[in-house]
Amino acid sequence: MATVTITDSETQQDVLRELEWEPSVDAAHIGVAVKNGVVALSGQVSSYAEKFAAEKAAKRVYGVRAIANDIQVKLPGSSERTDEDIAAAAVNALNSNSLAPADKIKVTVSRGWVTLEGQVEWQYEKDAAENSVRYMTGVLGVSNLITVRPRIAPGEIKSKIEQAFKRSAELDANRITIDVNGGKVTLRGTVRSWAEREEAEREAWAAPGVWNVENHITVEP
C-alpha cells in the first residue's frame with residue numbers, strides 16, 4: 001500500500017479549514033504556520049477557552065505531528081476581573097462540580113492565570129477541576145499541577161490499558177507498546193494522527209492506578 005505524503009502547505013490549509021469549521025473559534029484572528037508537520041498557532045483571541053478550542057481543532061487534523069500554541073489572550077474590557085474575583089469564582093466552580101474533589105484542590109490566581117494544585121485519586125478528577133475553571137470569564141490561562149495518587153495496586157494496570165486499546169475503534173493497538181513502572185506508564189510506537197496519539201494517552205490515563213503517563217508515541221501519517 002502506497003504511503004500518502006502530506007505537504008506542510010496541505011496541512012496548513014487543512015488546519016485553517018478546521019479552525020473555520022470550529023464554531024467556538026474566530027479563525028480570522030488566528031495565524032497558522034507549519035514546518036515538518038509542526039503547527040505554530042499565533043494571533044489574538046478574547047478568551048482562554050477560545051485559545052484552547054483552537055488548539056484542539058488543530059490537533060484533529062490529519063498530518064499534524066505537534067503544536068506550538070502562541071495565541072495571545074486579550075480580554076475585552078467587559079471581561080476583565082481582579083485576581084480576587086477570579087479566585088472566588090474558581091472556588092465556587094469547583095464546589096459546583098461533583099466530579100472535582102474541591103476539598104483536595106488549592107487555587108492560586110496571578111494576573112488572570114489560574115494555578116491548580118493538590119492531590120486526587122483519579123485522572124478524571126484532575127481533568128474535571130481544569131474544566132471547571134477553563135471557561136470562566138477573566139481567565140488568561142490555566143496551569144494544572146494537580147497530582148494523581150490512586151489507592152490501588154499497580155499489578156493489573158498494563159493489562160487493563162491493553163484491553164482498552166483493543167476495544168477502541170480509534171486505535172491500532174498493535175502499533176503501540178506499553179511499559180508500566182508502578183503507576184507510571186510509558187507509551188511508545190507510531191500512530192497515524194495526532195488525534196490517535198491523544199486517544200492512546202487518554203485511554204492510558206483512564207486506567208485505575210495510573211499517576212503519570214509519558215507519551216513518546218510519534219505521528220507518522
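Values below: all heavy atoms of this structure, side chains included; hydrogens, waters and symmetry mates excluded. Count residues from 1 along the sequence.
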Check: Mind checking whether E220 and R65 have side chains closer than 4.5 Å, heavy atoms only?
Finding: yes
Margin query: Working note: R197 + N215, criterion side-chain contact (heavy atoms from CB on, under 4.5 Å); need CA distance, chi angles, decisive distance, verdict.
Written below: CA-CA 8 Å; R197 182 182 188 274; N215 192 345; 3.6 Å; yes
Note to self: As a quick check of understanding, evaluate side-chain contact (heavy atoms from CB on, under 4.5 Å) for F165 and I178, giving each step before the final call.
What the structure shows: CA-CA 10 Å; F165 281 7; I178 306 164; 3.7 Å; yes
Margin query: Nearest 0.5 Å, please: how far is CD in Q72 from CG in L140?
Written below: 10.0 Å
Check: Taking all non-hydrogen atoms of both residues, which atom of E55 and which atom of L41 are closest, and how far apart?
Finding: CA-CD1, 4.0 Å
Checklist line | A204 versus L187, closest heavy-atom pair with distance | finding: CB-CD1, 4.1 Å
Check: Rounded to the nearest 0.5 Å, how far apart are CZ of R134 and CG of D127?
Finding: 8.0 Å
Notebook entry, point to check: For the side chain of N36 and the backbone of V38, is there at least one donor-acceptor N/O pair under 3.5 Å apart?
Noted result: no
Item checked: Spacing of R81 atom CZ and T137 atom OG1 [to the nearest 0.5 Å] -> 5.5 Å
Checklist line | Step-by-step side-chain contact (heavy atoms from CB on, under 4.5 Å) determination, D172 to V191 | finding: CA-CA 8 Å; D172 184 351; V191 293; over 6 Å; no
Next item on the list: Report the distance from atom NZ of K56 to atom NZ of K59, rounding to the nearest 0.5 Å.
Entry: 9.0 Å
Margin query: Assess the residue pair Q44 and H29 against the criterion (side-chain contact (heavy atoms from CB on, under 4.5 Å)); give the C-alpha distance rounded to whole Å, side-chain angles, the decisive distance to 0.1 Å, and a yes or no.
Written below: CA-CA 6 Å; Q44 184 173 294; H29 295 159; 5.7 Å; no
Notebook entry, point to check: Does NZ or CZ of R111 come closer than 6.0 Å to the centre of the six-membered ring of W113, within 45° of the ring's axis?
Noted result: no
Notebook entry, point to check: Salt bridge between E20 and R17, side-chain N to carboxylate O under 4.0 Å?
Noted result: no
Checklist line | Taking every non-hydrogen atom, the tightest pair across E196 and E170 | finding: CG-O, 3.3 Å
Notebook entry, point to check: Are E214 and H216 close enough that some pair of their side-chain heavy atoms sits under 4.5 Å apart?
Noted result: yes
Note to self: Determine whether a donor-acceptor pair (N or O, by modelled atom type, separation under 3.5 Å) exists between the side chain of S46 and the backbone of V73.
What the structure shows: no
Notebook entry, point to check: Do any N or O atoms from the side chain of E22 and from the backbone of A54 form a donor-acceptor pair under 3.5 angstrom?
Noted result: no
Note to self: Using the rule that Ile, Leu, Val, Met, Phe, Trp and Tyr join whenever any side-chain heavy atoms are under 4.5 Å apart, tell me whether I146 and V91 fall into a single cluster.
What the structure shows: no
Next item on the list: For E18 and A57, work out which heavy atoms get closest and say how close.
Entry: CG-O, 3.3 Å
Side-chain donor-acceptor pairs of residues 97-105 under 3.5 Å, sequence neighbours excluded:
from	atom 1	to	atom 2	distance (Å)
N97	OD1	L99	N	2.9
N97	ND2	A128	O	3.3
N97	ND2	S132	OG	2.8

Check: Any chain of hydrophobic side-chain contacts (each under 4.5 Å) joining L16 to V34?
Finding: yes
Margin query: Could you check whether R188 and T177, counting side-chain N and O atoms only, form a donor-acceptor pair closer than 3.5 Å?
Written below: no
Checklist line | Any donor-acceptor N/O pair, E50 side chain to D26 backbone, under 3.5 Å | finding: yes
Note to self: For the CD atom of E80 and the CD1 atom of I86, what is their distance to the nearest 0.5 Å?
What the structure shows: 10.0 Å
Check: Hey, is the main chain of T115 close enough, under 3.5 Å, to the side chain of N144 for a donor-acceptor pair?
Finding: no
Check: Which heavy-atom pair separates V107 from L116 by the least distance, and what is that distance?
Finding: CG2-CD2, 3.9 Å
Margin query: So which atom in Y62 and which in S193 form the shortest heavy-atom distance, rounded to 0.1 Å?
Written below: CD1-CB, 4.0 Å
Notebook entry, point to check: Name the one of I30, V64, I67 that satisfies side chain to side chain contact (heavy atoms under 4.5 Å, CB included) with V15?
Noted result: V64
Notebook entry, point to check: In terms of side-chain geometry, is the basic nitrogen of K126 or E130 positioned less than 4.0 Å from the acidic oxygen of its partner?
Noted result: no
Check: How long is the span from the CZ atom in R175 to the OG1 atom in T218, to the nearest 0.5 Å?
Finding: 8.5 Å
